[in-house]
Amino acid sequence: MSNQFARQLSLTSFPPNSQNLNSLCSNGELREALVEMAVQGLEMKFEGYYTLLNECVNRRAFREGQRVHAHMTKTCYLPPMHLRTRLIVFYNNCECLNDAQRVLDEMPVRNVVSWTAMISAYSKRGTEPNEFTFATVLTSCNGACAWGFDLGRQIHSLIIKTKFESHIFVGSSLLDMYAKLLGLDEEALELFRLLQREGMTSNYVTYASVLTALSGLAALDLGRQVHNHVLRCELPPYVVLQNSLIDMYSKCGNLTYSRRIFDSMPERTVISWNAMLVGYSKHGMGKEVVKVFKLMKEENKVRPDSVTFLAVLSGCSHGGMEDRGLEYFYEMAEGENGIEPELEHYGCVVDLLGRAGRVEEAFEFIKKMRFEPTAAIWGSLLGACRVHSNVEIGEFVGFRLLQIEPENAGNYVILSNLYASAGRWEDVRNVRELMVEKAVIKEPGRSWIELDQILHTFHASDRSHPRREEVSAKVKELSVKLKEAGYLPDLGCVLYDVDEEQKEKVLLGHSEKMALAFGLIATPEGMPVRVIKNLRICVDCHNFAKLVSKIYGREVSLRDKNRFHHIVGGTCSCGDYW
DNA sequence: TTAGGGTTAG
């Protein structure tokens, strides 16, 4: 059907009525609104599309949003830049980053807002940077060229590590950066002016998004550099930007800086408080969590929300303050704060009880919950069963978990560890066999360490690092020395069914041991070593790191998927429960 | 006339 004919048809049969579409959307009648869109056909305008798409974004209505997008294409409607940006957000919300990227690629003109939407999507997706993250961040560096070159060069060194250099988009962004920027101040200034004329300078939102990406990588030096640039720009104190600085410093392991920013803020939102509380929580500083929460209540300017309570409860749990945490939960449940406890809050309570060794109570608590327990909740209880050797409940919970998420290798390992601790070797073997049968795939472990502004990444049994020989020799040396001091490899941490000698080899190949060994080699004696891991640290590596800190007199700061482990003189801030 | 992007938690 020709467009002209279609236009006539839509005009003759139903008069366009964008008000109708608006009211349908505000009544939440998305289906009817889509019918209205079809009826309006070629008469659809920005306003109608925008209303519809917004509704789809809010509801994460993937199919419906797709139909809106398809309608634009079919009717040859050319969306203006801000509508395309909304499409990017829509696809990102539905976790369709490829579609979002395609929208961005096809935009005739992009500006800082469209780039920022994409940057934040990639950094939200997880801590794993990929070719698109780098390309987007690099382009943003070019946009803010006053700090772009130094930062860009460092990001380049990250890219080399991840072998994305040859990716066409990344490569061209890099070339672009090197071609456009140098140490040539005048040229840089000229470009800066040019980009400003094009509206491509970064603003506080872009900085906030870039900082989020860097906090995921725990790239402290890079983050500090962005902060320095923000300071040089003499921007007014934007709460959002300061919040992301608090978060960046805490995720990079530097809570003192987070607190300094927090204290200097002329105004704080609930997010500022939450970011600070989450920071203390992840660092296992329960007392500070309680102090800051008290301060928040005393100041009485900002009302705690459900995230605040999540941070406080998990802070008490991570900081070993079980009773205090339970008090807060009951305070919450009594409705004093006007916040209804949600599933996640119940999860914290299971954690708190489990940590305190009150496994039966935790089990009863789950049974009485008004929510269907999730894998995370059972998983937390199973962990408690392992630590406190409660085979009876652990067995029940373990089988429950294997039903809910049979693909998760961690569950099989914990269950088999639990059987092993009770000497039930036949059951250990059965669980292992079951695991092999279900073809469980485990996310590969990866650890990294930042030295002189370069990230050194290690994969389990990695052979790719230029100093690999030195590193594996150091790991072996460490294992010999630590054994003299009582280190006993925890063979239960090994997933494969191989002989004991092999198991020990597998353990010594864990990525965090290599990163730690590399840190010992590459930094001066007595310096703290800072390691970041993508998964939760295993029991064996935790023991290993504790002994290293004791024997070598090194402070070890290890950020895993869940929290920080500050290990000093053989003791860890997590109290061996994580 | 404008309309789009952002910060904590999961």
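Proteins get letters first, then strands, A, B, ... in listed order; numbering begins at 1 in each.
- Note on A/Met81: a base of the nucleic acid sits closer than 4.0 angstrom, heavy atoms only.
- No engagement by A/Tyr238 is indicated, since no non-hydrogen atom pair under 4.0 Å with the nucleic acid exists.
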What N/O pairs connect the protein and nucleotides 8-10 of chain B at under 3.5 Å? Give each pair on its own line.
{"residue": "B/dT8", "atom": "OP1", "partner": "A/Asp247", "partner atom": "OD2", "Å": "3.2"}
{"residue": "B/dT8", "atom": "O2", "partner": "A/Asn274", "partner atom": "ND2", "Å": "2.6"}

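- The distance from atom CG of A/Leu104 to atom C1' of B/dG4 is 13 Å, rounded to the nearest whole Å.
- Between the side chains of A/Ser272 and A/Thr269, at least one donor N or O sits under 3.5 Å from an acceptor N or O.
- A/His227 has its ring centre less than 6.0 Å from the ring centre of A/Tyr249.
- When all heavy atoms are compared, the tightest approach of A/Ser215 to A/Cys252 is CA-SG, 4.5 Å.
- If you check the side chains of A/Asp305 and A/Thr308, you find a donor sitting under 3.5 Å from an acceptor.
- Qualifying side chain to side chain contact (heavy atoms under 4.5 Å, CB included) partners for A/Glu55, counting only residues two or more places apart in sequence or in other chains: A/Cys25, A/Leu30, A/Arg59.
- The side chain of A/Ser244 lies closest to B/dT7, out of B/dT7, B/dG4, B/dG6.
- Ring centroids of A/Tyr328 and A/Phe309 are separated by 6.0 Å or more, keeping the two rings apart.
- Distance OH (A/Tyr204) to P (B/dT7): 12 Å, rounded to an integer number of Å.
- DNA chain B lies under 4.0 Å from no heavy atom of any residue of residues 288-302 of chain A.
- The six-membered or imidazole ring of A/Trp273 lies away from that of A/Phe293, with a centre-to-centre distance of 6.0 Å or more.
- Distance A/Leu245 CG to B/dG6 C1': 13 Å, rounded to the nearest Å.
- Between A/Tyr50 and B/dG4 there is a side-chain N or O to OP1 or OP2 distance below 4.0 Å.
- Spacing between atom CD1 of A/Ile246 and atom C1' of B/dT7 amounts to 9 Å, rounded to whole angstrom units.
- Checked for salt-bridge contact, A/Arg102 and A/Asp99 meet the test: a charged N lies under 4.0 Å from a carboxylate O.
- The closest side-chain donor-acceptor pair between A/Tyr77 and A/His71, if any, does not fall under 3.5 angstrom.
- Rounded to whole Å, atom P of B/dG4 lies 19 Å from atom OH of A/Tyr91.
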